[in-house]
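Written below as structure tokens is the structure these notes are about.
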Amino acid sequence: MEQSFYDQVFELVKLIPKGRVTSYGAIAKGLGSGGSARMVGYAMSNAHLAASPIPAHRVVNSSGLLTGKFHFSEPNLMQELLEKEGVVVKDDKIQNFKKHFWDPLVEL
DNA sequence: TTAGTGACCATAA
DNA sequence: ATTATGGCCACTA
């Protein structure tokens, strides 16, 4: 069965532990695609169409910024979900990003 | 097939 | 600090 890059991204994102975050580039690298970070974000744009719920709020850019928050049903949702899981967000940016960072290459 | 696109990343000024 | 630019890869029309 052919699994599209999208599906691989979705699965990996679903594996992100609660209270942890990761970056698009890390996901791309974890999938072995290396520089296809843009594709990861592209996949997330279809995340709301996926069969399973995708915790896209746990995926941010390399700076820890919630770049994709406007793609959620409600822009505030992303930040709220993160704070709800114990992640501190200020001005659309995750505090202690490195501390909450979850690297699929290391943890997986 | 070609062209266009993007929730990125890194570098340069 | 911000703005601009190039590269990068997979998908869609």
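First the proteins, then the strands, lettered A, B, ... as listed; each starts at 1.
Separating the CZ atom of Phe70(A) from the P atom of dG6(B) is a distance of 16 Å, rounded to the nearest angstrom. Atom pair Leu49(A):CG and dT12(C):P shows a separation of 11 Å (rounding to whole Å applied). Atom pair Lys29(A):NZ and dC9(C):C1' shows a separation of 16 Å (rounding to whole Å applied). Distance CG (Leu12(A)) to P (dA10(C)): 16 Å, rounded to an integer number of Å. As a whole-Å value, the separation of Leu31(A) CG from dC8(B) P is 16 Å. Distance Ile16(A) CD1 to dA7(B) C1': 13 Å, rounded to the nearest Å. Atoms CZ (Arg38(A)) and P (dG4(B)) sit 15 Å apart, rounded to a whole Å. What separates CZ of Phe5(A) from P of dT5(B) is a distance of 21 Å, to the nearest Å.
Nearest heavy atom pair, residue Ala43(A) against residue Tyr6(A), reads CB-CD1, 3.6 Å.
Among the atoms of the strands shown, base atoms are found under 4.0 Å from some heavy atom of Ser45(A). Ala56(A) comes within 4.0 angstrom of a base, heavy atoms only. Among the heavy atoms of the strands lying under 4.0 Å from Tyr24(A) is at least one base atom, whether or not backbone atoms are also near. If you check every strand for non-hydrogen atoms under 4.0 Å, Phe72(A) touches a base.
When each of dC11(C), dA10(B), dA7(B) is scored by its nearest atom to the side-chain atoms of Ser62(A), the top-ranked nucleotide is dA10(B).
Mapping Asn46(A) and Ala37(A) onto DNA chain C via the closest heavy atom, the residue that lands nearer the 5' end is Ala37(A).
Taken together through direct or relayed side-chain contacts under 4.5 Å among Ile, Leu, Val, Met, Phe, Trp and Tyr, Leu105(A) and Val13(A) form parts of separate hydrophobic clusters. Both Met44(A) and Met39(A) are part of a single hydrophobic cluster, where members link through side-chain heavy atoms under 4.5 Å apart.
In summary, the side chains of Ser52(A) and Lys14(A) do present a donor paired with an acceptor at a separation below 3.5 Å, with no hydrogens or angles considered.
None of Arg20(A), Arg58(A), Lys18(A) except one satisfies the salt bridge (charged side-chain N to carboxylate O under 4.0 Å, His left out) rule with Glu85(A); the exception is Arg58(A).
Residue Ser36(A) has no polar side-chain atom (N or O) positioned under 4.0 Å from OP1 or OP2 of dA10(C).
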